[in-house]
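From a predicted model like this one, the values you see are computed outputs, not experimental measurements.
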Amino acid sequence: MTRVSPREALSDALVMAQRELGATLRKPALLVVSIVQPVMLLLIFRYVFGGAIRTPNGSYANYLLPAILVLTGIFGSLMTGIGISEDLAKGVVDRLRSLPMARAAPLVGRTLSDLVRNAVSLVVMLGVGYLVGFRPNQSIDRFLAAMALVLAFAYVFSWISATIGLLARDPETAQSLGFIWVFPLTFASSAFVPTHSMPAAIQAFAQVNPMTLSVDAVRALTVGGHATTPLLGSLAWFAALLLVFVPLAVSRYRALE
Amino acid sequence: MTSVPAIQVEGLRKSFGKVVALDGLDLVGAEGRVLALLGPNGAGKTTLVRALATLLRPDAGRAVVLGHDVVADPLGVRREIGLAGQFAAVDEVMTGRENLIMVGRLYHLGRVESQRRAGEVLERFGLSDAADRRAGTYSGGMRRRLDLAATLVGRPRLIFLDEPTTGLDPRSRAQLWEMVEQLRDEGTSILLTTQYMDEADQLAQQIAVIDGGRIVAEGTASTLKERVGRSRLLVRLAERDRTEEARAALGALDGDGPPEILAPGELSLAMSADDLPARAVRALDRINAGIVGIEVRTPTLEEVFFALTGRRTDGERRTEEAA
Ligand SMILES: Nc1ncnc2c1ncn2[C@@H]1O[C@H](COP(=O)(O)OP(=O)(O)OP(=O)(O)O)[C@@H](O)[C@H]1O
Ligand SMILES: [Mg+2]
């Protein structure tokens, strides 16, 4: 049995990521849309609801922005799933599967390209955040750690998105399936409002929700607060989700016919 | 050198739910030749190609491509093949050149070699001028050519072309045929599927007729034609009232069965030997029968197909509807 060498596998993944990033440069609409959505949420919460929401210590902009950053990553990660289902629908996957490349390379490549795009979106969102009053006040190390956490969160969701794209098989389904779970996950969390005003059942969910943990960690690292517990909780979630979804996506991809 | 067959298929089965797509199919294709898989819609052509290209797993049976088992050593197969599927798989956002470079890199040719090779095949397929345009702007014929070009980037020993000319206008079709002929002459093994008799006839050295997931007949265009019926010698005379005399003269030759009168002044005789026409001319000349026409008519592949599968092909149906 012939195998692909690790060097070849790495090169395959980079070729796939490069293809994807090239496509983004030529069709930036998707990237723009994925940035516009969180910007709209930001504006709505900051200016429509924000006045009515009381948050512990500090401005609502400082409370809100970490959530918007995390959300930007999630929106960005949906592209992996949509892209994969597009490739499936157009027969590109058949061509790729007939080539002597590493089987997981298209998935690794796409998730890596999400990562790069998300880094760009993140910079844009930080700029918009500054305009609406977000003022990180922690050390630069803590700030960079927060950004790394946002990107890691998004990377994990790229694999979930990949799995959804492989299951959905057509881009429209992938897009709607990709969105469905984002809302409960986001709203039943500390993203927009503190959890203590929520009913007990929702509060219990919200407190273990990876969204809450990540947003709380990013908040603590950017505008102050206790970071260790939410940070460790987030990392535990990331590891668990990767352990489930990487093998799941790869095995779904291998099992394609 | 003992040559390994390009493809070797034994008892291959594949079902999709209740639909049996491949029903114990057997097939051997020699290396360096063009094998045409001829069959109507739903015959199992694409399923067989996908199984051979390691895109789907057979339920039972064995398929070996250039010595590599498709299930046990799929990567070994993929290193030696190029696939152009039934629907052109080009990335529309990338240029033609970028599409090909990507494929080259995924064959692990390296950056420089991939670029060189992409330029080479673009040139060969007459796509140099369009090379740096997005593939999304290509016409159907150009897309097909790009797709075919992509199969060649990695210099495969065997290429699969699944209905390469379906949906092309006659000019693009002729261009594509020419390219396949070139490849064939260079010694690349090719498995192509088609619903068109003339395509199989023109391009293939070996034709396998597939229907209902099995090979129902196999051979060269001429052996298949012979299976359905011998070629016949047709003779037309200037004067109708010489018909009976002519029949007697032809009857004295060792034709395959007695001569038939098709119409006054028109006779036919089943071919028994290659020199039958010459002998017929001499015999008819001796009695001054006045030959105005003579031809050897072989059954068309359309007729072959109908005789073997009991079904008309789409091409024929279309012509009939138009008539
Ligand atoms: N993925 C699939 N799921 C369900 N049925 C399938 C699938 N692929 C093929 N089939 C069925 O298997 C049979 C053979 O299909 P196949 O695509 O191999 O035929 P084909 O000879 O390529 O036809 P065509 O000329 O229309 O391309 C058909 O009845 C088809 O409906
Ligand atoms: Mg088909």
Measuring from [X]:[atom1] to [Y]:[atom2], what's the distance to the nearest 0.5 Å?
X: A/Arg95; Y: B/Asp147; atom1: CZ; atom2: CG; answer: 4.5 Å
X: A/Arg97; Y: B/Leu83; atom1: CZ; atom2: CG; answer: 10.5 Å
X: B/Phe87; Y: A/Lys90; atom1: CZ; atom2: NZ; answer: 15.0 Å

Residues two or more places apart in sequence or in another chain: which of them pass salt bridge (charged side-chain N to carboxylate O under 4.0 Å, His left out) with [X]?
X: A/Glu20; value: A/Arg110, A/Arg117
X: A/Asp12; value: none
X: B/Arg50; value: A/Asp94

Under 4.5 Å from any heavy atom of chain A, what part of [X] do you find: side chain, backbone, both or neither?
X: B/Arg57; answer: both
X: B/Glu80; answer: neither
X: B/Thr95; answer: both
X: B/Val90; answer: backbone

Can you confirm whether more than 12 heavy atoms, excluding those of [X], are under 6.0 Å from its [atom1] atom?
X: B/Arg184; atom1: CZ; answer: yes
X: B/Arg111; atom1: CZ; answer: no
X: B/Glu123; atom1: CD; answer: no

Checklist entry - Between A/Lys27 and B/Glu92, is the closest basic N to carboxylate O distance under 4.0 Å? => result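 A salt bridge is absent here (no side-chain N lies under 4.0 Å from a carboxylate O).
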
Please name the pair of heavy atoms, one in [X] and one in [Y], separated by the smallest distance, quoted to 0.1 Å.
X: A/Arg3; Y: B/Leu75; value: C-CD2, 3.3 Å
X: B/His108; Y: A/Met101; value: CE1-CA, 4.2 Å
X: B/Ala89; Y: A/Gly91; value: CB-O, 3.2 Å

Answer whether the closest heavy-atom distance between the side chains of [X] and [Y] falls below 4.5 Å.
X: B/Leu106; Y: A/Arg19; result: no
X: B/Met102; Y: A/Gln18; result: no
X: B/Arg105; Y: A/Glu8; result: no

Item to check | Which atoms of A/Val93 approach chain B - backbone, side chain, both or neither, heavy atom under 4.5 Å | outcome: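 Contact with chain B involves no heavy atom of A/Val93 at all.
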
Checklist entry - Between A/Val15 and chain B, which part of the residue has a heavy atom less than 4.5 Å away: side chain, backbone, both or neither? => result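 For A/Val15, the contact with chain B is made by the side chain alone.
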
Checklist entry - Step by step, would you call A/Leu99 with B/Arg79 a side-chain contact (heavy atoms from CB on, under 4.5 Å)? => result CA-CA 7 Å; A/Leu99 295 173; B/Arg79 288 206 169 134; over 6 Å; no

Item to check | Proximity of residues 31-46 of chain A to chain B, residues having a non-hydrogen atom under 4.5 angstrom | outcome: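 Expected list: none.
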
